[in-house]
Amino acid sequence: MSAYDYDLFVIGAGSGGVRASRVAAAHGARVGICEDDLVGGTCVIRGCVPKKLLVYGSHVHEEVKDAAAYGWTIPEPTFNWATLRDNVQKEVMRLNGIYKTLLKNAGVELVVGRGRLMDAHTVAVGEKMITTDKILLATGARPWRPSIPGAELAIVSDDAFHLPNLSKRILIVGGGYIAVEFAGIFNGLGSEVSLALRRDLVLRGFDEECRKAVQTGMTDNGVRFRPETELAKIERCGDELIATTTKGEAIETDCVMYATGRVPNTAGLGLEKVGVTLNKAGAVAVDEWSASTVANIYAVGDLTDRINLTPVALMEGHCFADTVFGNKPRKADHQDVPSAVFSQPQMATVGLTEEQARRVYPRLDVYASTFTPMKHTLTGRKQKTFMKLLVDAESDRVVGAHMVGDDAAELIQGVGIAVKAHATKAMFDATVGIHPTAGEEFVTMRTKRPDPKPVAKAAE
Ligand code: NDP
């Protein structure tokens, strides 16, 4: 047994830290973990889980409306924000309890407080000095907002779960995952939502056609887009906020929410003291084994800014623990990671976007389909589902699958297995569809789009 208090000490009990500590303990390591907040991290406390519950809540009004076409007469529903907010928080507290129990049952000791590195083998938590052989940094990331006058009057996603009231009007700044998801939530719950984009399209980095489909669907649902808009200042004026754009336009609203990205939680960790290097993005620089620049110190999750998703942090934490404590060396595989945006309409994706695939594969076949979901043939709701498969014509391999529409996340999870397994289009075609479903479209798309015309070369 080593002379240290622990074989592994983890700073941060979020998805990556908890998974790594439990797996390392199961491999026989003596493990401690520190956390100064609830256990569970961004995903459980102020991210994926409470967000998805709010998404469910925000869909109810349209289900009630749609019910009429199916013969139901339902009196005009009323909504109580405090009930939804408090019920979501109860669930968060329940999960926090479950996470604590999981740690306890795994034999991981939870130390309450913020950890900071004193040297490569010592972590201070408050007054307590803890010695350890290996250290895992898993402190995640936090919302970032531009520093304009009055920025402190705006909320960020952390605050959105605790609002005393639901604002009548809300201006959301940003066009990423968080902006579009909360736009859908607040719109669905009855607020008037405007989205200020600094460019003209949401969800940069995703397949362009899907981005357009999401933006069109959100517009049809009543979200107002303000493209090419950046804020210069925010001022309070009585009960209202006035957000002034860099072009001088004054936008009156009740609430401004910044969803302009997240930054890794590196401050106060003592990284520079022990020589842990940051990369250009300000994240902890790690190699493919999640090892930092200090031999016994590792880092996983959003703190490393690789792919900032809970399941990826879980994978990185698990691989680290298997490699370092389980004698099972395993690298996290960041290829073909499926993901979803719980916007309304929902979007999910795996593999390359069409723009990326065209750069990699000289002959790319594109299969796409837009249709009205069966449910809405009766409701008359103006809502389309969009699906797209990208196929490398050379190998027949499906290199990208994208969907915008109901249940996109549930469907793409399955399609993700096929893409990960390097399935060919012929294998998709040989799979019998389940009828009637939206998903069968993925195995019945037979007509490829005409190849795009080559871009004419400029005269030399
Ligand atoms: P993103 O990085 O996804 O998006 C940030 C947005 O803010 C972009 O639209 C960006 O615009 C815009 N922006 C940046 N700076 C400014 C500025 N100064 N003024 C105006 N707009 C600005 O960040 P999020 O905060 O939405 O999400 C953070 C991460 O959390 C995501 O990357 C994702 O990995 C994760 N996440 C995942 C979810 C899921 O899996 N469903 C849900 C929520 C979060 P532009 O495009 O022009 O750069």
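Side chains included, hydrogens not; waters and symmetry mates left out as well; all remaining heavy atoms used. Both counts, for ligands and for their atoms, begin at 1 and track the order of listing.
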* Can you establish whether the number of heavy atoms outside E410 located under 6.0 Å from its atom CD is more than 12? => no

* **CZ (R397) with more than 12 external heavy atoms under 6.0 Å** => yes

* Hey, is K425 close enough to D365 for a salt bridge, meaning N to O under 4.0 Å? -> no

* Can we say R199 and E228 salt-bridge, meaning some charged N sits less than 4.0 Å from an Asp/Glu carboxylate O? -> no

For [atom], the protein heavy atom that lies nearest, with its residue and separation:
atom	answer
atom 42 (C) of ligand 1	E181 OE1, 3.2 Å
atom 11 (O) of ligand 1	R198 NE, 3.4 Å
atom 34 (O) of ligand 1	N308 O, 2.7 Å
atom 47 (O) of ligand 1	R199 NE, 2.4 Å
atom 2 (O) of ligand 1	G261 CA, 4.2 Å
atom 26 (O) of ligand 1	I178 N, 2.9 Å
atom 9 (O) of ligand 1	G175 N, 2.8 Å

Using a distance-only test with no angle check, is there a side-chain donor-acceptor pair under 3.5 angstrom linking [X] and [Y]?
X	Y	result
S290	R306	yes
S191	K168	no
Q383	D406	yes
E316	H334	yes

Would [X] count as being in polar contact with ligand 1, using the rule that some N or O on each side must be under 3.5 angstrom apart?
X	value
A179	no
G174	no
V173	no

* Asked: Under the side-chain hydrogen bond (donor to acceptor under 3.5 Å, both in side chains) rule, what pairs show up with a residue in residues 139-153, not counting sequence neighbours?
  -> R142-N265

* Side chain or backbone of A340 under 4.0 Å from ligand 1, or both, or neither, by non-hydrogen atoms? -> backbone

With [atom] as the reference point, say which of [options] has the nearest heavy atom.
atom	options	answer
atom 20 (C) of ligand 1	T260, T310, V312	T260
atom 4 (O) of ligand 1	A141, P143, G176	G176
atom 33 (C) of ligand 1	F182, Y177, W144	Y177
atom 48 (O) of ligand 1	R204, R262, R145	R204

* Asked: Going by the ring-ring contact (aromatic ring centres under 6.0 Å, His included) test, which pairs reach into residues 210-232, not counting sequence neighbours?
  -> none

* Asked: For P146, is the nearest heavy atom under 4.0 Å from an atom of ligand 1?
  -> yes

